Amino acid sequence: MLRCKITLLLLLCLLMSCLSWSQPTIWQNSSSKLNEAKENGSRQISKLKNWKKHISECGHDSNYRHSLSLGLRLNTNGWSGGLSYLRYDGPGTKVLWELSFSGLQHEKEVKQQRRDVTYRYLARNSPYILGKINNAYTLQLAYGREQMLFPAVIDGNLSLSLRYAAGPALALLKPYYLNLLYVTYTPQEHAYSQSEHFTETNADKFLNSASILGSGKWSKGIGETRLIPGLFAELAIALEPGRPESFVKTITIGGNAALYTSKIEMMTERKAYAYQACFFVGLYFGRRWR
């Protein structure tokens, strides 16, 4: 009995010594983790403040408050070019005005050329697009904003911004002319060429490659151009390499969608729609000033 009491007393002493040794260790670990969390929080706040300061300094350079640039873009449905004006409106924010002119191409357009040398002397043997009835162009006036997202993506030499804009649009449909071949026998053979746009009466010749000598002059039919009003919206990412300086160089990647009051007819026997949408890649060059 005495032996059991002695054993129990020894175990109790051993347990108390273990608790007294481990308790400071637990408090030390908790205190260390708390201090580490505070340091991480301070570092994140410091990074956020530096980032905000960087945006303010890079996105709003007091030396250059205005910029004007000329841009060229390749679209999934053609090409476009125009002028872009930006006015600095605050840290990382700019007001955007843009005027652009585009040439539309139908996905089914295929250029071809007459191979038969017969009657070639009647008209120039220029390439043409079978089934095309209109040359389509658009004029767009945009108003929007450019918001800086990342002022220094790569070593402070590449800024990334978001552009969004909308405004009125105007589609221009100019009739597409072809040099058509006509042959009569009265009783001798008499061949001649006429430059014509598509109509229901000449459809058998306009859509028959054997009766086409080539495309007509681009200037022919300008007076018959039809105007179709509409609205459009655009969203793009703007990449600007280099630190703020007087010379502007910007790459844009985005999309454009427009809705018109009438169908944009470009090809016969193809369904036409009252809207146009595309993706694009653009390159702008220009100048900044105060």
Side-chain angles (χ1 to χ4, degrees), residues 51-105 135-172 218 227 229-258 276-290:
W51 191 256
K52 185 177 180 180
K53 181 181 177 182
H54 192 30
I55 291 178
S56 176
E57 292 176 351
C58 184
H60 191 190
D61 191 333
S62 60
N63 294 322
Y64 308 108
R65 298 183 59 84
H66 307 271
S67 67
L68 183 66
S69 56
L70 177 65
L72 297 173
R73 301 197 311 201
L74 290 178
N75 308 329
T76 52
N77 64 347
W79 54 268
S80 61
L83 288 173
S84 177
Y85 168 74
L86 288 167
R87 175 175 56 82
Y88 291 76
D89 196 42
T93 305
K94 305 171 190 175
V95 175
L96 168 69
W97 286 94
E98 190 169 60
L99 179 65
S100 61
F101 182 79
S102 304
L104 303 182
Q105 291 181 345
N135 286 315
Y137 306 95
T138 63
L139 189 64
Q140 297 179 340
L141 177 62
Y143 171 77
R145 297 270 176 172
E146 179 179 293
Q147 182 65 51
M148 184 167 289
L149 301 178
F150 300 100
V153 179
I154 303 176
D155 298 331
N157 293 324
L158 179 66
S159 65
L160 187 148
S161 303
L162 177 67
R163 286 186 179 183
Y164 49 94
L170 186 66
L172 299 88
W218 179 88
L227 306 180
L231 296 171
F232 84 100
E234 185 172 291
L235 184 66
I237 293 294
L239 302 171
E240 190 169 343
R243 298 180 184 278
E245 54 185 13
S246 61
F247 183 70
V248 177
K249 46 186 182 298
T250 306
I251 300 169
T252 59
I253 304 171
N256 182 296
Q276 289 288 321
C278 71
F279 294 102
F280 62 82
V281 176
L283 182 62
Y284 289 80
F285 293 99
R287 301 291 296 179
R288 289 189 179 96
W289 71 93
R290 187 164 183 172

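Numbers here simply count residues along the sequence, with the first being 1. What you see is a predicted model; the values in this text were computed from it and never measured. Values below: every heavy atom of this structure, side chains too, minus hydrogens, waters and symmetry copies.
A donor-acceptor contact under 3.5 angstrom links the side chains of Glu234 and Asn256, judged on distance only. A donor-acceptor pair shorter than 3.5 Å cannot be found between the side chains of Tyr88 and Glu146.
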Q: Could you walk me through whether Leu283 and Leu72 pass the side-chain contact (heavy atoms from CB on, under 4.5 Å) test, one step at a time?
A: CA-CA 6 Å; Leu283 182 62; Leu72 297 173; 5.7 Å; no
Q: For the pair Val95 and Arg87, evaluate side-chain contact (heavy atoms from CB on, under 4.5 Å) and give the outcome as yes or no after the intermediate values.
A: CA-CA 5 Å; Val95 175; Arg87 175 175 56 82; 3.5 Å; yes
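Side-chain contact check for Arg163 versus Ser84: some heavy-atom pair is nearer than 4.5 Å. Side-chain contact check for Ser161 versus Leu149: every heavy-atom pair is 4.5 Å or farther apart. Within the 4.5 Å cutoff, side-chain heavy atoms of Thr138 are placed close to those of Leu104. Counting only heavy atoms from C-beta outward, the side chains of Asn135 and Trp218 approach each other to under 4.5 Å. Residues Trp79 and Phe280 form no side-chain contact, since every pair of their non-hydrogen atoms from C-beta on lies 4.5 Å or further apart. In this structure, Leu96 and Arg145 have side chains that are not in contact, with every pair of non-hydrogen atoms separated by 4.5 Å or more.
In plain terms, the two heavy atoms of Leu231 and Pro168 that are nearest each other are CD2-CA, 4.0 Å. Of all non-hydrogen atoms in Phe232 and Ala258, the two that sit nearest each other are CB-CB, 3.7 Å. The nearest pair of heavy atoms linking Leu172 to Leu139 is CD1-N, 4.3 Å. Shown here for Ser69 and Val248, the closest heavy-atom pair between the two residues is CB-CG1, 4.4 Å. Among all heavy-atom pairs drawn from Ser159 and Met148, the shortest one is CB-CE, 4.3 Å. Of all heavy-atom pairs spanning Asn77 and Ala277, the tightest one is ND2-O, 4.0 Å.
For Phe279, the CZ atom is loosely surrounded, since the number of other residues' heavy atoms within 6.0 Å does not exceed 12. For CD1 of Ile237, the number of neighbouring non-hydrogen atoms (other residues, nucleotides, ligands) closer than 6.0 Å is greater than 12.
In terms of modelled atom types and a separation under 3.5 Å, the side chain of Gln147 and the main chain of Gly92 share a donor-acceptor contact.
Remark: Gln105 CD to Thr76 OG1 distance equals 10.5 Å, nearest 0.5 Å.
In this pair, Trp289 and Tyr85 present their aromatic rings tilted. The plane angle is within the 30 to 60° band.
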